[in-house]
2 protein chains.
Amino acid sequence: MGRQRTFVCGLDAAFAVVGGKWKALLLWELAQGVRRFGELRRALEGISEKMLIQQLREMEHDGLVHREVYREVPPRVEYSLTAFGRSLNAAMEPLGAWGDEHKARIEELHS
Amino acid sequence: MGRQRTFVCGLDAAFAVVGGKWKALLLWELAQGVRRFGELRRALEGISEKMLIQQLREMEHDGLVHREVYREVPPRVEYSLTAFGRSLNAAMEPLGAWGDEHKARIEELHS
DNA sequence: CAGGATCCGTGTTGATACTG
DNA sequence: CAGTATCAACACGGATCCTG
């Protein structure tokens, strides 16, 4: 992925795994429960299949997401959070609450 | 900035103001105290002057940062957090603590 | 259904030089 | 000191088509 780097603070390290446009949303969605590929695609409106699988793979590599493959026809793959992923989601909750609280203000600023 | 959009959840809104490579670090640095332009540049090793001023301006626009200009020679400008910025920083604290805790693991993953 | 592979635009980031 | 301006590079994200 990226070259080895030293993080100057915890925020830096945290953003290395949840940064970008989609990962925080994926984390939140998977925190609601186990999800299949297609469910995630519909939940994150606007994401392309490429980005979805790419973000999922990176989160799997980072140990946040577990991928369970069922060898059936048609194929079925279920994604869920690991304990590590759940701990991250818990740490993001205050931030989510803050965003919820100031949602309207932020939307207006970015109009 | 970006077109008007509707945020699907609070995380989405929060990332609209602290997303990107530098803003979280700036927020954290400014939470330590008032800082001058040059101090910030030295604190965020690797940032270019252009990015620094650009991120600061956006955070100022979002109401997170206050910019105080002192008409002196040589010029002096001091940056600080607004109450809004401090509230965001508080909301990010658990995330920072999480990152601190798992720093080593994440650094290794991204090597 | 759940991906892979490829092409491609563009926003973001960076280097460098210059200014009040 | 605290910026501006300009140019260049690249990663990010998206569209489309293809496969087991």
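Remember, it's a predicted structure, so these values are computed and weren't measured experimentally. Throughout, protein chains are lettered first and strands after them, A, B, ... in sequence-line order, and every chain is numbered starting at 1.
Taking atom CZ of residue A:Arg42 and atom C1' of nucleotide C:dC1, one finds them 10 Å apart after rounding to whole Å. For A:Ile47 and D:dA15, the CD1 to P distance is 12 Å, given to the nearest whole Å. Going from atom CD of A:Gln54 over to atom C1' of D:dC12 covers 8 Å, rounded to whole Å. In this structure, A:Leu40 places its CG atom 14 Å from P of C:dC1, rounding to the nearest Å. Residue B:Arg76 contributes atom CZ, which lies 13 Å from atom P of D:dC1 at whole-angstrom precision. The distance between atom CG of A:Leu56 and atom C1' of C:dA2, rounded to the nearest whole Å, is 11 Å. Counting to the nearest Å, the P atom of D:dA11 and the CD atom of A:Glu58 are 13 Å from each other. Nucleotide D:dC10 holds its P atom 17 Å from the CE atom of B:Met51, rounded to whole Å.
Among the protein residues, B:Tyr70 comes within range of no part of the nucleic acid, since none of its heavy atoms lies under 4.0 Å from any strand. When heavy atoms are screened at a 4.0 angstrom cut-off, B:Arg71 is found touching no nucleic acid atom at all.
Looking at residues two or more places apart in sequence or on another chain, you find a salt bridge (charged side-chain N to carboxylate O under 4.0 Å, His left out) between A:Glu60 and A:Arg57. For B:Glu101, the salt bridge (charged side-chain N to carboxylate O under 4.0 Å, His left out) criterion is met by no residue, not counting sequence neighbours. Take A:Glu68 and apply the side chain to side chain donor-acceptor pair (under 3.5 Å) test, not counting sequence neighbours, and it matches A:His66. For the side chain to side chain donor-acceptor pair (under 3.5 Å) test, no residue two or more places apart in sequence or in another chain qualifies with B:Thr82. Under the salt bridge (charged side-chain N to carboxylate O under 4.0 Å, His left out) criterion, A:Glu78 pairs with A:Arg76, sequence neighbours left out. With sequence neighbours excluded, no residue forms a ring-ring contact (aromatic ring centres under 6.0 Å, His included) with B:Trp28. A:Glu93 pairs by the salt bridge (charged side-chain N to carboxylate O under 4.0 Å, His left out) definition with nothing, not counting sequence neighbours. With sequence neighbours left out, the side-chain contact (heavy atoms from CB on, under 4.5 Å) criterion links A:Val73 to no other residue.
Aromatic ring centroids of B:Trp22 and A:Phe15 lie 6.0 Å or more apart.
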Protein within reach of the bases, or only the backbone? For nucleotides 15-20 of chain C, mark each nucleotide 5' to 3' as B, S or -, using heavy atoms under 4.0 Å.
B----B

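Looking at A:Leu11 and B:Met92, their side chains come closer than 4.5 Å, going by heavy atoms from C-beta outward.
Comparing C:dG14, C:dG3, D:dT4 against the side chain of B:Arg57 picks out D:dT4 as the nearest. Of the candidate nucleotides D:dG13, D:dG3, C:dC1, D:dG13 has the atom nearest to the side chain of A:Gln55.
Using a 4.0 Å cut-off, no side-chain N or O of B:Arg41 falls inside it from OP1 or OP2 of D:dC1. Contact annotation: B:Arg67 reaches the phosphate of D:dG3 (side-chain N/O to OP1 or OP2, under 4.0 Å). Side-chain nitrogen and oxygen atoms of B:Tyr79 include none within less than 4.0 Å of the OP1 or OP2 phosphate oxygen of D:dC1.
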Pairs under 3.5 angstrom only: tabulate donor-acceptor contacts from the side chains of residues 41-53 of chain B to other protein residues two or more places apart or in another chain.
from    : atom 1 : to      : atom 2 : distance (Å)
B:Arg41 : NH1    : B:Glu49 : OE2    : 2.5
B:Ser48 : OG     : B:Met51 : N      : 3.2

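Between the CG atom in A:Leu30 and the CG atom in A:Leu64 there is a gap of 10.0 Å [rounded to 0.5 Å].
Within residues 29-39 of chain B, the residues approached by DNA chain D to less than 4.0 Å at the level of any non-hydrogen atom are B:Arg36, B:Phe37, B:Gly38, in residue-number order.
Using five terminal pairs a side, the axes of the helix from C:dC1-D:dG20 to C:dG20-D:dC1 at its two ends make an angle of 50°, given in steps of 10 degrees.
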